[in-house]
Amino acid sequence: MPKRNSSVVGREFGDGVRDAIDQSGMTQRRLAELVDWQEAKVSDLVQGKGGVSEVDLVRLLSYCRTPHEEVDRLLTLYRESREKGWLLFPEDGVPDQVHSLISQERLASKITVWSMNLVPGHLQIAGYMRAAAEKSAKIKPADIDSLIRAKLDRQVILRPGREFVFYVHEQALRLPVGGPDVMRAQLTHIHVMLVRQYITFRVVPIAIGAHAGMSGSFTQLNYDRFEPVVFIESQNSGLFLEDAASLASYTEVLKRLDQDALDAEESRRLINTMLA
């Protein structure tokens, strides 16, 4: 089956419209009858394919009795859905990019992570998350618990049916986040997780010096039904990249990291030496 031309923001928009319809208590068929559309038009809308005008969208949401704040949010997403790429700026509380990344990861068939400074979020234990969050300049103390819950919920996808590949710099494993006890528990958790056949864990050793991933950490998402995307998180924003040139560039970074990284067994042995 060919992959659909559906952007990340388009899928986020479609999910929002689907939620609005669900909360109205109506079926897509009934709503299509009310607005005098073909049911397929509503179906395309909730799949993020667009095909409607802003006036059409507002009319549909009015039938759903969608709150004004949500209508404004969906209109913003609608306008952005025609662009390649999506830049997110967080509001107060759990950063929006955390929720949006979780949403996209659940659709992905393969998730590849390059992490230069920290243990990848999928493999972090709660104590490690808390220690990192407490030192963050962008997370408020009152939001730390909700952020930890969101990140732990993210780990639900670590199960068969999806492939995970982690490239992690050795310095991320040696940085004592939370102190020796937390770090030992964190390394033990990674070691236990590596028995899972769908997880590949490769360490880029400090000894090689310069490497292809020095520009920063990122996550590559591959889908069965959609084109791949790359997610980058910075101090105050998250960015989904979907253009061909960016995807090719980050794929090349992963190819070079693959050449420099220890193999899976060597990486496991390195973790064992840290735990000895």
Would you indicate whether the side-chain heavy atoms of [Y] and [X] approach each other to under 4.5 Å?
X	Y	answer
Tyr223	Leu221	yes
Glu266	Leu270	no
Val165	Phe201	no
Asp258	Tyr167	yes
Val119	Ile125	no
Ser109	Glu163	no
Leu34	Met26	yes
Arg130	Ile144	yes

With a cut-off of 6.0 Å (strictly less than), are more than 12 heavy atoms of other residues, nucleotides or ligands near CD of Glu265? yes

For Phe13, does the six-membered ring have the charged nitrogen or CZ of Arg18 within the cation-pi criterion, i.e. under 6.0 angstrom from the centroid and within 45° of the normal? no

Within 45° of the axis and under 6.0 Å from the centre of the six-membered ring of Tyr198, does NZ or CZ of Arg162 qualify? no

Check ion pair [X]-[Y] (N to O, under 4.0 angstrom):
X	Y	answer
Glu69	Arg73	no
Asp263	Arg202	no
Glu33	Arg29	no

Could you check whether [Y] and [X], counting side-chain N and O atoms only, form a donor-acceptor pair closer than 3.5 Å?
X	Y	answer
Thr251	Gln220	yes
His122	Glu105	yes
Ser146	Asp143	no

Could you walk me through whether Glu233 and Lys138 pass the salt bridge (Lys or Arg N to Asp or Glu O under 4.0 Å) test, one step at a time? CA-CA 12 Å; Glu233 185 173 10; Lys138 66 179 178 179; 3.2 Å; yes

Nearest-0.5 Å distance, [atom1] of residue [X] to [atom2] of residue [Y]:
X	Y	atom1	atom2	answer
Asp224	Leu107	CG	CG	10.5 Å
Leu31	Glu39	CG	CD	10.0 Å
Ser267	Ile271	OG	CD1	7.0 Å
Leu241	Leu247	CG	CG	7.5 Å
Ile102	Gln155	CD1	CD	10.0 Å
Asn117	Ser217	CG	OG	5.5 Å

Can you name the nearest heavy-atom pair linking [X] to [Y], along with the distance?
X	Y	result
Ala20	Thr66	CB-OG1, 3.6 Å
Asp15	Ser103	OD2-OG, 3.8 Å
Gly216	Met116	CA-CE, 4.0 Å
Asp153	Arg106	O-NH2, 4.1 Å

Start with the C-alpha distance between Ile232 and Tyr250, add both sets of side-chain angles, then the distance that settles side-chain contact (heavy atoms from CB on, under 4.5 Å), and finish with yes or no. CA-CA 11 Å; Ile232 304 168; Tyr250 282 96; 3.0 Å; yes

Do Ile206 and Leu262 belong to the same hydrophobic cluster, where Ile, Leu, Val, Met, Phe, Trp and Tyr are linked whenever their side-chain heavy atoms lie under 4.5 Å apart, directly or via other members? no

Assign the ring pair Phe164 / Phe166 to parallel, tilted or perpendicular, where the plane angle (0 to 90°) is split at 30° and 60°. parallel

So Trp114 and His211, would you call those rings parallel, tilted or perpendicular, with 30° and 60° as cut-offs? perpendicular

